[in-house]
Amino acid sequence: MKLAIIGSGNIVHDFLTITKDLKNTELTAIIGTTRSIDILDQLKSEYHIGAVYTDFDTALAESDFDTVYVAVPNFLHYQFAKKALENGKNVISEKPFTVKLAEFIDLKEIAMKNHLVLLEAITNQYLQNYVDLKEKLPELGDLKLIESNYSQYSSRYDAFEAGKILPAFDPKKGGGALMDLNIYNIHFIVGLLGRPEKISYLPNIERNIDTSGILMLDYGNSKAVAIGAKDSVSPIRKTVVQGNKGSIVVNGPTNEMRSFDVYDKDKNLLEQVDHNIYPHRMYQEFVEFEKIIQNNDLKEVATRLQHSEDVMWVVDQALKSAGLKLE
Ligand SMILES: NC(=O)c1ccc[n+]([C@@H]2O[C@H](COP(=O)([O-])OP(=O)(O)OC[C@H]3O[C@@H](n4cnc5c(N)ncnc54)[C@H](OP(=O)(O)O)[C@@H]3O)[C@@H](O)[C@H]2O)c1
């Protein structure tokens, strides 16, 4: 794919480190703000990116990329993705897909109408460890409980407490612990169980934003709890999946799924699994994106979008249940 990257922040720096191993990706352009022109120029030279732009319209007019990677703050995903799709480009959007469910549905409709690829960059759905965990699920018997904790104290929380509100904590910019960290747990759980019957979100709220929170998902015969925190930290960042015949413990947060352990019902360790094929968590998703785009595999896109829609629906219900309004 001929890729244009929008953004030059943390995740773009992270992503660029794997591009040397993405054999079917050409870094055609990078688009950012005039504020960050020095960073954009430095990334261009370090990673041999075709061109730098500080205006998306100019990039669309002058450059010949076929795919856009939207890696800007959450509230901007929708507008950049929409413009890209309307100009005939495939879109890979960082998580969360959009801030509002209605925005996601709008993007999906434009993509489908124009036979374009639209995908969410959500690492865990593409990790081999997640694929293998799904296959092992029947070994656990009847699934009873899932407990998932992704807590990471944010350096931006110190700034927030001092009165400087960065996008990750800004309700007007789609911030908060649910959108930023708990979203991975939601993807993990919804990828296994789909849409729950009942949803309840219990957030800690400061200045109208959830700095941490507990999400409860009721699936009838099984229940899930997802914890996300940006204001505190725990030495335990794990996910436990419990059935009546055994359990699985996922080591590390749900964005990486470094490995998982399978136990029988007597708590004997049966197997330790790490089938992730590359050390960086973003590699497998981008290899898959390359394939989907190369083959214009719209069937796979539809499956992936249904999953993302289910997640966006959960997010929408969760925010409503807590009376939280994000823009
Ligand atoms: N997949 C993952 O593991 C992962 C990890 C972290 C983040 N993310 C997601 O990636 C996205 C970005 O997060 P981040 O941590 O990289 O944020 P960040 O470090 O704050 O970077 C945001 C970038 O967007 C740029 N930007 C802002 N407004 C723009 C505009 N109008 N046009 C072009 N560029 C603009 C910023 O430029 P300036 O600095 O000049 O404003 C900055 O380069 C978020 O949606 C986040 O949820 C994903």
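For ligands, and for the atoms within them, numbers begin at 1 and follow the listed sequence.
In this structure, atom 32 (N) of ligand 1 lies nearest to the protein heavy atom F80 CZ, 3.4 Å. For atom 43 (O) of ligand 1, the nearest non-hydrogen atom of the protein is S8 N, 2.9 Å. For atom 29 (C) of ligand 1, the closest non-hydrogen atom on the protein side is T33 CG2, 3.6 Å. Counting only heavy atoms of the protein, atom 15 (O) of ligand 1 lies nearest to N10 CB, 3.6 Å.
Cation-pi geometry between K230 and F169 is met: the NZ or CZ atom falls under 6.0 Å from the ring centre, inside 45° of the normal.
Salt bridge status for E300 with R304: present, with a side-chain N to carboxylate O gap under 4.0 Å. No salt bridge links D132 with K136; every basic N to acidic carboxylate O contact stays at or beyond 4.0 Å.
Atom 36 (C) of ligand 1 is not flagged as protein-proximal [any protein heavy atom, distance under 4.0 Å].
Under the 4.5 Å side-chain heavy-atom criterion for grouping Ile, Leu, Val, Met, Phe, Trp and Tyr, Y53 is connected to L40 within one hydrophobic cluster.
At least one N or O atom of V72, backbone or side chain, sits closer than 3.5 Å to an N or O atom of ligand 1. Ligand 1 has no nitrogen or oxygen under 3.5 angstrom from a nitrogen or oxygen of T123. Taking distance alone, with nitrogen or oxygen atoms compared against 3.5 Å, G9 approaches ligand 1 more closely than that limit. When only interatomic distances are considered, the shortest N/O to N/O separation between I11 and ligand 1 falls below 3.5 Å.
Residue E147 qualifies as open at atom CD: its count of foreign heavy atoms under 6.0 Å is 12 or below. The environment of CG in N268 is crowded: more than 12 heavy-atom neighbours from other residues, nucleotides or ligands sit within 6.0 Å. In M216, the CE atom is crowded: over 12 heavy atoms of neighbouring residues, nucleotides or ligands sit closer than 6.0 Å.
N204 and T211 share no donor-acceptor pair across their side chains, judged by distance under 3.5 Å alone.
Of all the heavy atoms in L127 and N255, the pair that sits closest is CD1-O, 3.8 Å.
In this structure, the ring of F188 has its center no less than 6.0 angstrom from the ring center of Y184. Separation of the Y69 and F286 ring centroids falls under the 6.0 Å cut-off.
When the options R156, H13, M282, E94 are ranked by their closest heavy atom to atom 10 (O) of ligand 1, first place goes to E94. Evaluated by nearest non-hydrogen atom to atom 40 (O) of ligand 1, the leading choice among S36, P96, P73 is S36. Scanning K95, E256, Q79 for the heavy atom closest to atom 47 (O) of ligand 1 points to K95. Around atom 45 (O) of ligand 1, the closest heavy atom drawn from L40, N74, D14 belongs to N74.
Contact analysis puts L76 in contact with ligand 1, with a non-hydrogen atom separation below 4.0 angstrom. Proximity of F56 to ligand 1 is not established, as no heavy-atom distance is less than 4.0 Å. The shell of residues lying under 4.0 angstrom from ligand 1, judged by heavy atoms, includes Y184. Ligand 1 has no atom lying under 4.0 Å from any heavy atom of E285. Distances shorter than 4.0 angstrom occur between a heavy atom of R281 and an atom of ligand 1.
Contacts between M179 and ligand 1 below 4.0 angstrom, taking non-hydrogen atoms only, are absent altogether.
Heavy-atom contacts of G32 reach the following atoms of ligand 1: 33 (C), 34 (N) (cutoff under 4.0 Å). Ligand 1 places these atoms under 4.0 Å from at least one heavy atom of R35: 38 (P), 40 (O), 41 (O). Near A71, meaning under 4.0 Å from any of its heavy atoms, are these atoms of ligand 1: 12 (C).
The side chain to side chain donor-acceptor pair (under 3.5 Å) test with S259 singles out one residue from N251, D274, N276, and that residue is N251.
For the atom pair NE2 of H187 and NE2 of H307, the computed distance is 5.0 Å after rounding to the nearest 0.5 Å.
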